[in-house]
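Quick notes on the structure that follows.
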Amino acid sequence: MDELGHISHWRAIMAGSLAGMVATVVTYPTDVIKTRLIVQNRLEPSYEGIVHAFYKIYHQEGLRALYRGVSPAILGAIPFSAGSFFVYISLDKIWQEPIVRFTPLQNFINGCVAAGVAQTLSFPFETVKRKMQAQSPWLPHYGGVDVHFTGMADCFRQTVKNKGVLGLWNGLTPSLLKIVPYFGVMFSTFEFCKRVCLYRNGYIESPLNYKLTPGVDQSLHPQELRELKLLRRENFEPRKSALEN
């Protein structure tokens, strides 16, 4: 970081990608279970619920089955993080004003656009991940996957061979309908919360706009600003008492 605590764009992308990878690895078994519960036959279900699915997958297929497809999930985090970040930091050039002055509606649109681009770039990895999660010799018709494969690279190869290149983007539309508004709300809420913090610390006049508080040094840290306010208050009160006397 520099003296102001800022990091470069590339380091921010790396930090976001690594954070996404760690979160993916930690929570991945629940994602596998979700996919298995979705693709199972409702008339003859293989799993009775989350706990039963976890128990059955672990005992029938082993621990590795709970991480089947984790490789494309981790690789997909890289274009998703990079794409969303690059789009988000470039939108100030489109709006022709600084990011800090964006309205809540602009932040919502920015989040939607960034998520849409990022999800489109990373969706082939999502497609392969879902196929790898669903395929199992213990499920009817191998989990209902439309191609059979032996690993991540073979899944890419078989999907392109049987469905064409665009087959890697099958299901993109419903995915965008879910993730685009999700990220729009997330980004706009995040930016609004930052403004609330700036307002509570005295940097801006209202969380609804970015009008700077007059007479406040914006380079001061919150603790320094609070100490300055306290010092000014202490210097003002004795004068006031002297005038009253």
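We use all heavy atoms of the structure for the numbers below, so side chains are in, but hydrogens, waters and symmetry mates are not.
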Linking I/L/V/M/F/W/Y whenever their side-chain heavy atoms sit closer than 4.5 Å, directly or via other members, would L75 and V165 fall into one cluster? yes
Contact check, side chains of Q40 and L139, non-hydrogen atoms, under 4.5 Å: no
Should E126 and S175 count as side-chain neighbours, where that means a heavy-atom distance under 4.5 Å? no
F192 CZ to T103 OG1 distance, which is reported to the nearest 0.5 Å: 12.5 Å
To the nearest 0.5 Å, how far apart are OG in S90 and CH2 in W95? 14.0 Å
Taking atom CD of Q223 as the centre, does the number of heavy atoms from other residues, nucleotides or ligands within less than 6.0 Å exceed 12? yes
Residue pair R68 / V32, side-chain heavy-atom distance below 4.5 Å: no
Looking only at heavy atoms, the pair that brings T127 and G167 closest together is CG2-O, 4.1 Å
Scanning both residues in full, the closest heavy-atom pair of F149 with D154 reads CA-OD2, 3.0 Å
Determine yes or no for a side-chain-to-main-chain donor-acceptor pair under 3.5 angstrom, with S188 supplying the side chain and F108 the backbone. no
Say you draw a straight line from CG of L63 to OH of Y58; how long is it, rounded to the nearest 0.5 Å? 6.0 Å
With hydrophobic residues grouped by side-chain heavy-atom distances under 4.5 Å, do L66 and V25 end up in a single group? yes
Donor-acceptor pair, Y28 side chain versus V70 backbone, under 3.5 Å? yes
May I ask you to check whether over 12 heavy atoms, not counting those of L18, lie within 6.0 Å of atom CG? yes
If you draw a 6.0 Å radius around NE2 in H141, do more than 12 non-hydrogen atoms from other residues or ligands fall strictly inside? no
Quick check: do N110 and N107 have side-chain heavy atoms less than 4.5 Å from each other? yes
Would you say the side-chain atoms of Q135 pair up with the backbone N or O of M132, donor to acceptor, closer than 3.5 Å? no
Does L177 share a hydrophobic cluster with V180, counting links as ILVMFWY side-chain heavy atoms below 4.5 Å and allowing steps through other members? no
Considering all heavy atoms, the nearest A53-L37 contact: CB-CD2, 4.4 Å
For the student: nearest non-hydrogen atoms of P72 and V128, plus distance: CG-CG1, 4.2 Å
Taking atom CD1 of I78 and atom CE of M21, what is their separation to the nearest 0.5 Å? 3.5 Å
Would a 4.5 Å heavy-atom cut-off, applied to side chains only, mark M186 and F190 as touching? no
In the single-linkage hydrophobic clustering (I, L, V, M, F, W, Y; side-chain heavy atoms under 4.5 Å), do L121 and I74 co-cluster? no
Tell me, please, which residues at least two apart from I204 pass side-chain contact (heavy atoms from CB on, under 4.5 Å). R195, L198, Y199, Y210, L212
is_close_aromatic(F156, F125), centroid dist under 6.0 Å: yes
A side-chain contact here means heavy atoms from C-beta on lying under 4.5 Å apart; do T120 and W169 qualify? yes
Do H148 and Q158 have side chains that get closer than 4.5 Å, going by heavy atoms? no
Within the structure provided, determine whether F80 and F123 are in side-chain contact (heavy-atom separation under 4.5 Å). no
Using a strict threshold of under 4.0 Å (side-chain N to carboxylate O), is an ion pair present between D31 and R36? no
Honestly curious: do I50 and V26 fall in one hydrophobic cluster under the side-chain, below-4.5 Å linking rule? no
Measure the NZ-CE distance between K131 and M152 for me, rounded to the nearest 0.5 Å. 15.0 Å
Which atom names give the shortest non-hydrogen contact between S46 and H52, and what distance separates them? O-CE1, 3.6 Å
Inter-residue atom distance F183.CZ - K178.NZ, 0.5 Å rounding: 9.5 Å
Using the ring of Y47 (Phe, Tyr or Trp, six-membered ring only), decide whether K56 places NZ or CZ under 6.0 Å from its centre and within 45 degrees of its axis. yes
Is a side-chain donor or acceptor of S136 paired with a backbone partner of G143 at a separation under 3.5 angstrom? no
More than 12 heavy atoms of other groups within 6.0 Å of M14 CE: no
If you take all heavy atoms of A65 and I57, which pair is closest and at what distance? CB-CG2, 3.8 Å
